[in-house]
Novice: 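Got a structure for you, written out below as structure tokens; questions coming shortly.
By convention here, the first residue in the shown sequence is residue 1. Numbering of ligands and ligand atoms starts at 1, following listing order.
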Amino acid sequence: MPNSILVEGLHKRYKNHHAVRGVSFHVEQGEIFGIVGPNGAGKTTTIEIMEGLRKRDSGLVQVLGLDPDKEPLELRQRIGVQFQSTSIQERMKVKEAISLFSSFYRKRCNIDKIVKELGLNEVLNKQFKDLSGGWKQRLTLAMAVIHDPEVVFLDEPSTGLDPRARRELWDLILQLREDGKTIVLTTHYMEEAERLCDRVAMFNHGKVIALDSPKRLVTRFAAGHHLSFQSETADKALIQMLPGVERVERQDGTVHVRSRAVRCCLAAR
Ligand SMILES: Nc1ncnc2c1ncn2[C@@H]1O[C@H](COP(=O)(O)OP(=O)(O)OP(=O)(O)O)[C@@H](O)[C@H]1O
Ligand SMILES: [Mg+2]
């Protein structure tokens with residue numbers, strides 16, 4: 001797959017604070033690429049540099065073959081952005097917000113299609129201030145994809161949502177990938193990254209400390225467990241077959257089990 005995004009040796013300082021310190025990665029066309037990391041790790045800074053909203057100090061950044069610093073207007077026609085926090089005029093109705101955002105783009109927007117796909121019909125006449133958190137996220141996602149962009153950036157799209165709204169949002173994001181879009185999202189939840197992302201970059205203190213598929217990252221970073229118990233009769237081969245179990249040893253009536261993940265479950269009799 002060709003690359004949609006290329007970032008190489010990216011640096012960004014805010015006065016004395018070196019927020020992004022030599023970050024490199026690429027995002028393939030059609031994948032969901034996750035950025036995870038603690039508060040202040042540099043996720044939003046990096047994503048907003050790719051969107052052309054913040055200027056980098058040094059490094060190479062290309063999105064859809066464009067340099068966000070040099071061609072921000074051209075780029076904005078082809079990317080969709082959902083910010084970490086969006087606030088629009090409190091009294092603006094959902095249908096007014098969608099109509100306003102669709103007017104920003106050269107491309108003719110298919111408003112009916114987006115409204116239907118995101119299930120916004122029932123709230124079209126509601127004002128922004130009267131929407132729940134989940135509906136606000138749906139609306140801002142609609143505003144990000146109204147112009148059928150090739151690349152969509154979602155900065156913590158599910159923060160503040162209850163589990164049901166989060167799962168609904170995941171389905172919408174997966175549908176965007178089905179539609180052929182490339183997606184970059186940030187999240188604090190490894191579970192979300194596991195569910196959605198093809199590859200994940202782990203950020204810490206402005207650096208990429210690991211980059212791999214979520215499954216491989218979890219295997220690499222999840223702390224292993226060591227369980228020991230007394231038994232003369234425990235069946236070593238049977239325990240070995242349990243999911244997550246890596247090694248079983250018996251020493252003088254004590255069985256030692258090493259597991260990869262907490263999901264390993266033992267029922268001893
Ligand atoms: N405009 C700014 N001026 C000064 N410092 C900033 C600015 N924006 C971000 N920073 C600092 O840069 C660092 C990285 O911030 P950034 O918002 O990129 O982190 P983040 O990983 O998105 O964090 P969070 O998970 O809290 O959203 C932080 O220490 C932050 O305080
Ligand atoms: Mg952030």
Novice: Using modelled atom types and a 3.5 Å cut-off, is there a donor and acceptor pairing between side-chain atoms of Lys12 and backbone atoms of Lys55?
Specialist: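 Checking the backbone N and O of Lys55 against the side chain of Lys12, a donor-acceptor pair under 3.5 Å is found.
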Novice: With atoms numbered from 1 as shown, which atoms in ligand 1 lie under 4.0 angstrom from a non-hydrogen atom of Gly42?
Specialist: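 Counting atoms of ligand 1 from 1, those under 4.0 Å from Gly42 are 14 (C), 18 (O), 19 (O), 20 (P), 21 (O).
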Novice: Begin with the C-alpha distance, continue with both residues' side-chain angles, and end with the deciding distance and a verdict on side-chain hydrogen bond (donor to acceptor under 3.5 Å, both in side chains) for Asp179 and Gln175.
Specialist: CA-CA 6 Å; Asp179 294 344; Gln175 185 56 50; 3.1 Å; yes
Novice: State the atoms of ligand 1, each with its element, that fall below the 4.0 Å cut-off from a heavy-atom position in Ala19.
Specialist: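 In order of numbering, the contacting atoms are 12 (O), 13 (C).
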Novice: Counting heavy atoms not belonging to Lys129, are there more than 12 under 6.0 Å from its NZ?
Specialist: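 Buried by this count: over 12 neighbours within 6.0 Å.
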Novice: Is there a protein heavy atom at a distance of less than 4.0 Å from atom 30 (C) of ligand 1?
Specialist: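 Neighbour list for atom 30 (C) of ligand 1 is empty of protein heavy atoms (cut-off 4.0 Å).
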Novice: Does Arg166 use its side chain to pair, donor to acceptor, with the backbone of Ser158 at less than 3.5 Å?
Specialist: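 Side chain of Arg166 to backbone of Ser158: a pair is present.
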Novice: As an exercise, identify every atom of ligand 1 less than 4.0 angstrom from a heavy atom of His188.
Specialist: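 Per the distance check, 25 (O).
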Novice: Among protein heavy atoms, which lies nearest atom 6 (C) of ligand 1, and at what distance?
Specialist: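 Protein heavy atom with the smallest distance to atom 6 (C) of ligand 1: Tyr14 CD1, 3.3 Å.
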Novice: Using a 6.0 Å distance limit plus a 45 degree cone around the ring axis, check whether Arg199 lies over the aromatic ring of Phe25.
Specialist: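 Cation-pi check for Arg199 and Phe25: fails.
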Novice: Is any side-chain heavy atom of His147 less than 4.5 Å from a side-chain heavy atom of Gln77?
Specialist: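 No, side chains not in contact.
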Novice: Checking a contact table here: which protein heavy atom is nearest atom 17 (O) of ligand 1, and how many Å away?
Specialist: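 The closest heavy atom on the protein side is Thr44 CB, 3.7 Å.
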Novice: Do side-chain atoms of Thr46 reach the backbone of Gly42 as a donor and acceptor pair under 3.5 angstrom?
Specialist: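 The answer is yes, because a donor-acceptor pair under 3.5 Å joins these two groups.
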Novice: Considering only non-hydrogen protein atoms, determine which one is nearest to atom 25 (O) of ligand 1 and report residue, atom name and distance to 0.1 Å.
Specialist: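 Checking every protein heavy atom, the shortest distance to atom 25 (O) of ligand 1 gives Lys43 NZ, 2.7 Å.
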Novice: Show the nearest heavy-atom pair for residues Lys43 and Pro38, with the distance to one decimal.
Specialist: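 Looking at all heavy atoms of both residues, the shortest contact is NZ-O, 3.0 Å.
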Novice: Measure from atom 8 (N) of ligand 1 to every heavy atom in Glu156, His18, His17, Arg54 and give the option owning the shortest one.
Specialist: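 The option holding the nearest heavy atom is Arg54.
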Novice: Could you find the nearest protein heavy atom to atom 18 (O) of ligand 1 and give me its residue, atom name and distance?
Specialist: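 Of every protein heavy atom, Thr45 OG1, 2.5 Å lies nearest to atom 18 (O) of ligand 1.
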Novice: Identify, by atom number and element, the atoms of ligand 1 in contact range of Gln84, meaning under 4.0 Å from any of its heavy atoms.
Specialist: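 It comes down to these atoms of ligand 1: 27 (O).
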Novice: Does the structure place the NZ or CZ of Arg167 under 6.0 Å from the centre of the six-membered ring of Trp170, at an angle of no more than 45° from the ring's axis?
Specialist: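 No, Arg167 and Trp170 do not form such a contact.
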Novice: Rounded to the nearest 0.5 Å, how far apart are CZ of Phe203 and OG1 of Thr45?
Specialist: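 Here the interatomic distance stands at 9.5 Å.
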Novice: What are the protein N, O or S atoms, given as residue plus atom name, that sit under 2.8 Å from the Mg ion (ligand 2)?
Specialist: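 Listed by chain and number, the nearby protein N, O or S atoms are Thr44 OG1, Gln84 OE1.
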Novice: Output yes when a protein non-hydrogen atom is found under 4.0 Å of atom 21 (O) of ligand 1, and no otherwise.
Specialist: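 True for atom 21 (O) of ligand 1.
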Novice: Is the contact between Lys15 and ligand 1 made by the side chain, the backbone, both, or neither, using heavy atoms and a 4.0 Å cut-off?
Specialist: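 No part of Lys15 comes within reach of ligand 1.
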Novice: Salt-bridged, Glu168 to Arg164, with N to O below 4.0 Å?
Specialist: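 The answer is yes: the pair qualifies as a salt bridge.
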Novice: Assess whether a salt bridge exists between Lys113 and Asp148, defined as any Lys/Arg side-chain N lying under 4.0 Å from an Asp/Glu carboxylate O.
Specialist: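 Judged by the 4.0 Å cut-off on N to carboxylate O distance, Lys113 and Asp148 do not form a salt bridge.
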Novice: Is there a salt bridge (Lys or Arg N to Asp or Glu O under 4.0 Å) between Glu48 and Arg54 once you walk through the steps?
Specialist: CA-CA 6 Å; Glu48 293 197 353; Arg54 300 192 198 199; 2.8 Å; yes
Novice: How far is atom 26 (O) of ligand 1 from its nearest protein heavy atom, and which residue and atom name does that atom have?
Specialist: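 Protein heavy atom at minimum distance: Asn39 ND2, 2.9 Å.
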Novice: Ignoring angles and geometry beyond distance, decide whether Gly40 reaches within less than 3.5 Å of ligand 1 through its nitrogen or oxygen atoms.
Specialist: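 Yes - when backbone and side-chain N and O of Gly40 are compared with those of ligand 1, one distance drops under 3.5 Å.
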Novice: According to salt bridge (charged side-chain N to carboxylate O under 4.0 Å, His left out), who are the partners of Glu96, at least two apart in sequence or on a separate chain?
Specialist: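 Per chain and number, Glu96 pairs via salt bridge (charged side-chain N to carboxylate O under 4.0 Å, His left out) with no residue.
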Novice: Under a heavy-atom criterion of less than 4.0 Å, does Lys12 contact ligand 1?
Specialist: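 Not so, Lys12 does not reach ligand 1.
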Novice: So, does Gly37 sit close enough to ligand 1 that a heavy atom of it is under 4.0 Å from the ligand?
Specialist: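 No, Gly37 has no heavy atom closer than 4.0 Å to ligand 1.
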Novice: For Ala41, is at least one N or O under 3.5 Å away from an N or O on ligand 1?
Specialist: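 Right, the criterion is met.
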